[in-house]
Structures are given as structure tokens and as C-alpha cells.
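Throughout, protein chains are lettered first and strands after them, A, B, ... in sequence-line order, and every chain is numbered starting at 1.
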There are 4 protein chains.
Amino acid sequence: MSPRRRDSESTAAARAERRAELLAAAAEVFASRGYSATTVREVADAAGMLGGSLYYHFDSKESMVDEILSTFLTDMWAAYDRVLGSGLGSRETFRALVAESFRMIDTYRPAVVIYQNESKHLAQSPRFTYLADSQRRFREMWLAVLDRGVLDGVFRADLDTGLIYRFIRDTVWVAASWYRGDGPLSADEIAGQYIVMVLEGILST
Amino acid sequence: MSPRRRDSESTAAARAERRAELLAAAAEVFASRGYSATTVREVADAAGMLGGSLYYHFDSKESMVDEILSTFLTDMWAAYDRVLGSGLGSRETFRALVAESFRMIDTYRPAVVIYQNESKHLAQSPRFTYLADSQRRFREMWLAVLDRGVLDGVFRADLDTGLIYRFIRDTVWVAASWYRGDGPLSADEIAGQYIVMVLEGILST
Amino acid sequence: MSPRRRDSESTAAARAERRAELLAAAAEVFASRGYSATTVREVADAAGMLGGSLYYHFDSKESMVDEILSTFLTDMWAAYDRVLGSGLGSRETFRALVAESFRMIDTYRPAVVIYQNESKHLAQSPRFTYLADSQRRFREMWLAVLDRGVLDGVFRADLDTGLIYRFIRDTVWVAASWYRGDGPLSADEIAGQYIVMVLEGILST
Amino acid sequence: MSPRRRDSESTAAARAERRAELLAAAAEVFASRGYSATTVREVADAAGMLGGSLYYHFDSKESMVDEILSTFLTDMWAAYDRVLGSGLGSRETFRALVAESFRMIDTYRPAVVIYQNESKHLAQSPRFTYLADSQRRFREMWLAVLDRGVLDGVFRADLDTGLIYRFIRDTVWVAASWYRGDGPLSADEIAGQYIVMVLEGILST
DNA sequence: GATGAATGAGATTTCATTCAT
DNA sequence: CATGAATGAAATCTCATTCAT
């Protein structure tokens, strides 16, 4: 490996790392103040630079959310696809998907919050059609899992699967809005209890 | 009753009705575009008037959300208080509160959506301290119901009540974001299925 | 004519008149400082309002030049078309077109200056394709007139018509950059002398 | 001559050459996009470097145009002065000045374009007073030539010399905006035809 | 009650310029 | 010499709000 090669690698890597840092700062602010209510200046403050300086790294405020969301969704689908491809039964697929979702919340909390709060509005813009696509695919994935589970006799047949789907979806993702990595329960513990609640209900038997 | 009195009554009533119409339009727009992303002009368009004209009726954009949210919350607490004051058991109180919440979603859908999406940000302003108050009271109410239910042996003791509380809260209110009054299921039917899911789980037994 | 009708007429007319006033101010500033060197604030100052207020009337700085140029070009082509449609001979067509051009300079001086200085740059943007179209049509018009004149024996055959065309085009329009309506010579007098110079040359005979 | 001296000479020469290259690139961009509309980054792109790097060579964007224009004007006046000092008659002086001007366009096309488009605006700044000076001197030179020619009986006496001056000035320089060195006609051929047109007119006799 | 024009604060974005490496 | 990141001033544009009519 020539020094030249190492140089260009390290600068490209440094660049990517800087972008990631800035996006992390931006995501935090977007998540806590709301995307359209946060000013570019606030993002820059959080990143320790001046407003205009962000434009050296990003085209626009919009391109920041774009990168935040698309990075998250790409990773999320990779994780889901691993689960779906591993040949588990209905019940285990269910567990694994919920657990994976909580791991996503753990890793990408601000991105998930932004996704929850803004994707409906953003999706109207042509730049963000992938949000609607992701949502559609998400729905199809869950309905497939649930329908298979009903046929298998794993899930109850007396409930509307569309309703169950929404129930799970909301239930899982909204956790991002209150989850703190530094709380008493780890992501996996929370996932575990959620799974129990959803599968068995909260009634004592 | 003098004609004068009748006049002022009818104009006062007409005035209130006009306000309500305008607020309904505003709520719809705030809910669909997001509060800080919607312009006063958009609200005015939806109300069939020009931007400046809204200021005859309202002090500010902020006072519109304020009135939207406080009207909704006042009504919601009246309903909850009726339930809490009627001496039901844990299980029935649970059912009734969830059912009441779905009725709220049915009646105040846009307000509920705004509440979901914006209350965290708005609550920072002194004008909206009642939002945080409401949230606190809401939490206390549910924890009381759940704790009593655990003591009664109605609810499982092996789950974190804080987690159950959040589970229910999110589960119920997020429904506002997809609920349409004109869908196939009525509010009460949806509430019924939700209650079954939450109480008994989705596994077949 | 009902008062109603007169009202709506007068407000629509007032609106159009205000736009025209503002565009006149803008054109003056664009012409003297250059389009991209003049700030919206300078235009607003010239119009006696604040920067933001211009956006009540116009979408953008660009839409101002757009309207300035397209208004001018529309009128110019109407005038040229009248000339071309009136069945004059080569020499008289030539005279009439040059005279009409000077009249345009008289009426639309700032617009003509802007056209001269900025159209090459602006034409790159898709919004301003009509500028290139106009230029093409202009070239075809003059070449037709000149070619016919050469065939008629009115114009010399020993000169490149393409060169004559450019000679005339530049010669005529650049006058906008120094012409003042309040100078000693009227537009028609200047046109007269230009025509003599171009037709007969500056040598004494 | 010491090696040291030779070194510094060669690096000074290299330095000057690099400056010239960069200025050539800058002039091209300023000419095609307009001075104030082109960004330093665009100049740098054209020069194959990054924006900041230009500041190793030049103080500012302004000093670039400054050097471009002053180099051109210095050379132009040297050429004109040679003509004026060579004792030619009115007609020959006329011819020689026009021919020299077309040679300038050939050599300094982008600089001439910039001069045409921007000098009026730039001249306002104290740094560019030499532009106004040059223009004044140019006017005096031509009026002297024309007035002498009228007295000599070479030029027509029935035309306003001020008008002829402008006619010639515009006619000649605007050619820079369309002239391409690689076109079918050489600079001297174009100059020849222009001279004929201006002197004898375009009418056949 | 509503309109239409304007205000003015502030948001996003641009860009010439600087400077450590 | 050149890079890449940052600065900071200023530009374009947005929008809640005001107000005369």
C-alpha cells in the first residue's frame, strides 16, 4: 500500500466521518425540535460551526434529512432482509423483526423519531418517494408474516390483520420517542417485554 | 327577551360558529402539513379567505393551535372524569378509558394528530404549560388504573407498569394518524379489537 | 356598467398598473447596475418599499426580468409584424424596421439595455428559451430582408449578408446604452441619421 | 550570470506564465457568464484548481478583472499610439484604427467582451478610474480623426460627428461578442468589410 | 368582516475570502 | 502550490403580522 493510497483513503474516510458527525448533530436537533421548526443555524450551533459552513458539506437543509433518513432505512432493510432470509417460523420471525426494530431504535433513535414525525409530510415531495416505498414494503412484509402466522395457527384468526399490523407498527416505532439508551432497560429487554405484551396480552391468566 | 338581546345572542352564536369553522379548517391543515410547516396563508386558503383576514378572528397562529388543543383537552378530561367517577372495576375502567379515547379520536381527529406531533415542541413555550400538565395527569391516571389492576390480580404482575403505560398510550393515540371516520370499522369496533389485543394478546390459545 | 363591474375593473387595473410601476423601477436598476449585480433590496429601494414587499408582487428576482423582457419582446414583435405585413419594398422595409427599433429603444430603453447585456447569460436557463427563439427569428427576418434587397439590386452584393446583419443588429440596439429621451435628438431623428449612415456610408461623395 | 540569478529568472517567468494562464481561464469565464454572476469557484474549476487556491495567485476576484482589463487596455493604446504617430491621412488613419481594433478583438476577445459588458459598472469603483479615462481618451481620439476628416472633405459634413463616433465605436467593439477566431473570415477580412460598410454604406450604387 | 398591500424579522442559501496543513 | 474546511457578510426569499380601505 503506497503512502499515496493511504493518504487518499484517510482523507476520504475523514470526510465521511465528518459528514456522519454533522448528520448526527443535525438528526439530534431535528428530532428534538421538529424538522421544519429547527433552523439551519441551530443545526450549525449543535455542530459547533457557523450557519453557512454547513453548506460546504451539504446542499441544503433538505439534503440533510434526506441523508439521515435514507441511511437509516437502508440499514433497517438490510437487517430485515437478513431476518426474512433466515427461514424462521412465523412466531420466530415475528420476534426477530420486533427485536431488530428495537435495535434500530437503539442505534438510530433520532432518525427514527424524524421518520415518525416527518415522513408523512416529506413524502409529498418527489425527492422522498422512497419513504412511501419503504412504508409500502414494510406493510407488505408485516401482512405476509401475520397472514402466514394465522394460517399456521400461531396468530388468532378473529382479529383484523390490517389492524394488528398497525398496532404493531405504531407500538414498536413510537417507542423511539421516549427510549433513552441510558435508561434502566436495554433495547433487548424492552423488546422482550413488548413481545410478551403483544403476543400474550396484559391480562393475568 | 328584547330584540337587542336576541340579536347579540345570535351574532355571538354566529361568531362562535364562524370561529369553530375556521378552527376546524386550521386543525385539518395543521394536522396534515405539520404546525410549523403550515403557513397562515394555507390556513386562510383552506378557510376560503385571505391571509390577513384571519387576524380579525384570531390574535396569532399560535392562538389557533392553542384553542384547538385546549378545546380538545377540556372535552377529553371531562369524558375521562366521567369514567373515573363512575366507580367501575379495574378491567372495566380500562375498557372505558380506551373506548373513550377512540371516541375522542373520532370526534377530534385533527386535534389529536396535532397533539401527537406538536405537543412536545409546543410545551416548551409558557403558553402551553397545560400540555405538560395534561400529560402528567394522563400518566398518573393510567398508572393508578394499572397499579390497582395488578393489585386486584386483573393485570399481570411480571411486566413493568411504566412500560405498559407507554404501550397503551402510544397504541391508542397513534391510531389518530391513520383513522378515517369513513373507513369500514367504526370507532367503537376498532376500540373493541384494540382492547382485545391489548388484554389477551395476538396469539391463538 | 354596474358599480360592481367598475370596481373589479378598477382594482384589476390598479393591480396591473402597480406591477408596471414596480417593473419600471426594477428595469431601470437592472439596466444601470447589471442584473446579477443588483440586489433585490436596491430594486425595492427604487420602488420605495422594503425588500420583502416585492415578493408580494413577484415570485422572484428572476420573474421580474422575465416579465420585463417578455413584455418588451412581445411588443417589439407586434411592431415588426405590422411592418412586415404592410407590403413595403426592400428599402422601405429596411427603413421601417430600423425606425421601429429606435422607437422601441425610446419606449423600452431599460428593457433593451437588459436584453443586450444579459440575454446571452439568461438564455442558458430553460425559463428563458424564448430569448434564443426571438434572436433566431430576428436573424431570419433580417436575412430575408437583406437577401431580397440584394436580389432586387437595392443592397450591394459584394458584402457578406451575415456580416451586414450583425452590423445592423449591433449598430441599432447598442444605441440603447447611450440614448437618453431627453437629449437634443429625438428617436426618429437619430433613426434617420443611422439609416443614412448605414445606407450611404460616411464618406462624402 | 549566476545560477542563482537564472533560477529566480526562470521561476519568475514560470510564475508570470502561470498567472497568465489563470487569467486567461478567468477571462473566458467572466466573458461567458458575466463578471458578477461568475463565482470564484467557477474560475477555479476552469483553471483546474480549488477555489481557495486562486488566492495564492491573486488578491481578490476584483484584482483578476483588473489585471485582465488593464493588460488589454495597455496593449490597445500602444497599438493606437503607433497608428496615430505614423502621420497617416484621415482616411488611412480611420482604416488603420478600425483594423487595429479588430486585431485586438482577435487577440483579447474575452477581455474585450468583459470590457464591453462590465466597464460601465466597474468604472464606478475608484480602482477602475482608468476605464473612464480610457473611454474619454478613446472618444477624443475618434472625434479628432473624424473632425479632421470632415475638414479635409473626406467625411460627410451633414452628419453629427458625435453620432458617427458612437456608431463606429459600437459597431467595432460589439463584434467581439460574436467573433470566433476559428470562423471562416479572418480578423483582417472582417475589418476590411466593416470599413467598406462604414465608409460607403450598404446601398448598391 | 374581508381585502390587498406592505412590513420587518428571520430563515435559507451563496460566496468571496482566510488559513492551517 | 494546492487542498479542504471554515468564516462571515450579504443576498434571496418566506411569512406572521399590521393596517388603511
Next on the checklist: Applying side chain to side chain contact (heavy atoms under 4.5 Å, CB included) to B/V43 and B/K61, what does each step give before you reach the verdict?
Outcome noted: CA-CA 9 Å; B/V43 173; B/K61 187 186 170 187; over 6 Å; no
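The side-chain heavy atoms of C/H121 and C/Y35, taken from C-beta on, include no pair separated by under 4.5 Å.
When every heavy atom of C/E42 is checked against every heavy atom of C/A37, the shortest pair comes out as OE1-O, 3.9 Å. Here the shortest heavy-atom pairing between D/A26 and D/M64 reads CB-SD, 4.4 Å. Pairing each heavy atom of A/Y130 with each of A/L69, the nearest pair is OH-CB, 3.8 Å. Nearest heavy atoms, B/F30 versus B/I68: CD1-CD1, 3.9 Å.
Among the protein residues, B/S63 comes within range of no part of the nucleic acid, since none of its heavy atoms lies under 4.0 Å from any strand. Contact annotation for A/S36: no contact, since no heavy-atom pair falls under 4.0 Å across all strands.
In this structure, D/S53 and C/R41 both approach DNA chain F, and ranking their closest nucleotides by distance from the 5' end singles out D/S53. Place A/G51 and B/T38 on DNA chain F by their nearest nucleotides, and A/G51 ends up nearer the 5' end. Mapped onto DNA chain E by nearest heavy atom, B/G52 and A/T39 fall at different nucleotides, with B/G52 at the one closer to the 5' end.
Under the Watson-Crick or G-U wobble criterion, with both distances below 3.5 Å, F/dG8 is paired with E/dC15. Pair assignment for F/dT14: E/dA9, on the basis of Watson-Crick or G-U wobble contacts that are both within less than 3.5 Å. Partner assigned to E/dT21 is F/dA2, using Watson-Crick or G-U wobble distances below 3.5 angstrom.
Computed from coordinates, the D/D45 CG to F/dA2 P distance equals 15 Å when rounded to whole Å. If you take CZ of D/R19 and C1' of F/dC1, they are 14 Å apart, rounded to a whole angstrom. Rounded to whole Å, the distance from CG on C/L50 to P on F/dA16 is 18 Å. One interatomic measurement links the two molecules: CZ of C/R33 to P of F/dA11, which rounds to 12 Å at whole-angstrom precision.
Judged purely by atom type and a 3.5 angstrom limit, C/S63 uses its side chain to pair as donor or acceptor with the backbone of C/S60.
First and last contacts of DNA chain E with chain D, using any nucleotide atom under 4.0 Å from a protein heavy atom and ordered 5' to 3', fall at E/dC15 to E/dT18.
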